[in-house]
Amino acid sequence: MNNRDVAAVFETVADLLEIKGEAIYRVLAYRRAGEAIRSLGQDVHVLWEGGKLEEIPGVGKAISEKIDELLRTGKLGFYEKLAAEIPPGLVEVLRVGDVGPKRAARFWKELGITTIEELEEAARDGKLQQLSGMGQKSEGRILDSIEALRRRKTDRVSIGVAWPAAQELLRRLREVEGVHAAESAGSLRRWRETVGDLDLIVSSTRPSAVMQAFVEFPEVERVRGQGETKASIELRNGLRVQLWVHPPERYGSALQYATGSQAHNVRLRELALSKGLSLSEHGFKRSDGSEILCAGEEDVYRALDLPWIPPELREDRGELQAGRDGSLPDLVKLEDLRGEPHLHSDWSDGKATLEEMAGAAADLGMRYIVFSDHSRSLGVASGLSIDRLREQRAAIAAVQAKLGKRIKLLQGSEVEILADGRLDFPDEVLAELDLVIASLHTSLRQSSDRITARLLGAMDNPHVDMIGHPTGRLIGRREAADLDMDAILGKAAERGVALEINANPERLDLSDAHAKLALERGCVLSINTDAHHPDDFALRIYGVGTARRAWASAEMVLNAWPLDRLLRWLEKRAP
DNA sequence: GCCGTTTTCGGCCCGACTGTTTTCAGTCG
């Protein structure tokens, strides 16, 4: 039973309790605990064995006992009792928009509905509108929502899809007359790896005009709601978008509010209350009814005696305390990155020549790049033989001569960790390279013991400087390998091996949570694009976002170091 | 059910929008 499984049990418990009509704070407690376990960097088993379950925020005595029962027996009596009372299938019904716990409970009790299919059938038969408090419109909305749910396929989309889509909408919004500023908020602004919808905030004194222009954008499929200051639409590609319009003098509180996370906002509001202030997206209200307006986000935090907190940290993971202590990290920025340690050329499966990749990198201001084409056994990616690897070295030297001081070119390899744990090149070949990245691409479904041993063994090789996309996950498509992350991070810290944050939005591997844990263990990170084409360098933003979510400063990121420091580091590592 | 620069008990964030309403419940973020 992994973290996700445990989290899913508590999240389902929360939904079932809510349908049952339990006290909302009890429901929220289970939901919060579920989310905390889901975003835990380390295996919940490790905390369990160490008797540290209650250190998880939102986990107290009752829930830690339930985790214990789950991990010991694989079952939870509390859940089974609940599932006997309320059909667990109803949890699925909650995914339909416009259907919350109250309606789900009524549909079940009054119409016997326990699945989305049954709900759809009842709606088509006009049975929903016969319930008191329901009408034709509500029934129609629910039918629309079921269709929308089917169109979406998944609940959350990759940030690699969401971010460009948001930039396009923002560009268009900024052209609308009367718009002072427009930004994305929500989980996108916090750089979460997937987002449920886009939240856009506009500063304007003419909200209704902005609203009207927005719902008439050509890519809008349907308008889910439209009011004076708020609109909700769905795009043709299934993405849902919320727009808030606020006057400039309230823009800061609106942006802060919409950025979340919910847990962070709850903490802020508690803090506000303790100072006799009530905080909403419109600003602060004192008990006498007077207001404090916040044009900028920093005004919101200042009113609470806090420094501005970067959006990536707003997850209620200690950022308020760090703000009070003055110990907020100076987070790594895109401009801090000085080079690219992991990229491919057409010598293996890249789509561009050495010179094209080098030129593009130099144009972006990078000081160095490391050609790290695949090694010989990865046939599907045209991995280099030892002879080809040596030929490539001469080719790189020729390009270097041509580019001169514009950029420093290094040669590395993304060397396969074979299924039996050996590396794909012998040590004497690895010793010829400037930087060696060891990666898993095959046999990712091995048992935890075997696949963990492969990575540990690779890190014991003195030539290995870095591990590429450590868990091998593809978000939404392939699960991470079943690694003992505790052992992996411990070994990386001990051996001084850098761990990659692969910036490709399909990977983001290490994840934010693992990267944070890695830093706490004293590991060094590297933000790599794994570029196969010059356009891929643009993916750096996703890696930077993930590193920032891990509380990483530039000091902790290998490719944010100056080149001479990197070279000294490599030299010191050489056996 | 959790939690403590108010607290080990008594709180726990707040508002917009919609639909079916005679004053508000439900959903959403």
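Below, chain A is the first sequence line, B the second, and so on; all start at residue 1.
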**Q** Could you measure between the two P atoms, the one in B/dG1 and the one in B/dT5, and give it in whole Å?
**A**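 Here B/dG1 and B/dT5 have their P atoms 23 Å from each other.
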**Q** Counting only side-chain nitrogens and oxygens, does A/Y30 get under 4.0 Å of the OP1 or OP2 atom of B/dG1?
**A** yes
**Q** Atom CZ of A/R250 to atom C1' of B/dG15: distance rounded to whole Å?
**A** 13 Å
**Q** Categorize A/G186 for me: base, sugar-phosphate, or nothing, with a 4.0 angstrom heavy-atom threshold over every strand shown.
**A** nothing
**Q** Using whole Å, what does the distance between atom P of nucleotide B/dG11 and atom CD1 of A/I24 come to?
**A** 18 Å
**Q** I would like to know whether A/E319 and A/H264 meet side-chain hydrogen bond (donor to acceptor under 3.5 Å, both in side chains); could you show each step before the answer?
**A** CA-CA 9 Å; A/E319 68 275 12; A/H264 174 86; 2.7 Å; yes
**Q** Measure up the A/F78 and A/Y30 rings against each other and bin them: parallel (under 30°), tilted (30 to 60°), perpendicular (over 60°).
**A** parallel
**Q** Checking salt bridge (charged side-chain N to carboxylate O under 4.0 Å, His left out) against A/E291, which of A/R286, A/R250, A/K285 comes through?
**A** A/R250
**Q** Check if the side chain of A/Y257 and the base of B/dG15 share a donor-acceptor pair of N or O atoms closer than 3.5 Å.
**A**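 Check fails, no donor-acceptor contact within cut-off.
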**Q** Say you pick atom P in B/dG11 and the same atom in B/dT6; how far apart are they, in whole Å?
**A** 16 Å
**Q** Please state how far atom CZ in A/R32 lies from atom P in B/dC12, giving the value in whole angstrom units.
**A**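 About 16 Å, once rounded to whole Å.
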**Q** Here's a test for you: under side-chain contact (heavy atoms from CB on, under 4.5 Å), which of A/Q256, A/E297, A/E183 qualifies with A/Y251?
**A**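 Among A/Q256, A/E297, A/E183, the one that satisfies the side-chain contact (heavy atoms from CB on, under 4.5 Å) with A/Y251 is A/E183.
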**Q** In this structure, how many angstroms lie between the P atom of B/dC14 and the CZ atom of A/R267, rounded?
**A**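 Taking CZ of A/R267 and P of B/dC14, I get 14 Å after rounding.
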**Q** Closest approach to the side chain of A/K137, judged atom by atom: which nucleotide of B/dT6, B/dT20, B/dG29 is it?
**A** B/dT20
**Q** In Watson-Crick or G-U wobble terms, both distances under 3.5 Å, what is the partner of B/dT8?
**A**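 Matched B/dT8 with nothing under the 3.5 Å cut-off.
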**Q** Could you work out the separation of B/dG15 and B/dT7 based on their P atoms and round it to a whole Å?
**A** 26 Å
**Q** Calculate the interatomic distance between A/K102 atom NZ and B/dC24 atom C1'; express it in whole Å.
**A** 13 Å
**Q** Once you round it to whole Å, what is the distance between P of B/dA16 and CD of A/E228?
**A** 11 Å
**Q** Nearest-Å distance, CZ (A/R224) to C1' (B/dG29)?
**A**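 So the two atoms are 12 Å apart, to the nearest Å.
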**Q** Any heavy-atom pair between the side chains of A/L320 and A/L268 that's under 4.5 Å?
**A**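 Counting from C-beta outward, A/L268 and A/L320 do come under 4.5 Å.
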**Q** Round to a whole Å and report the spacing from CD of A/Q256 to P of B/dG15.
**A**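 Atom CD in A/Q256 sits about 14 Å away from atom P in B/dG15.
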**Q** With C1' as the reference atom in both, quote the distance from B/dT21 to B/dG26 in angstrom, rounded to an integer.
**A** 13 Å
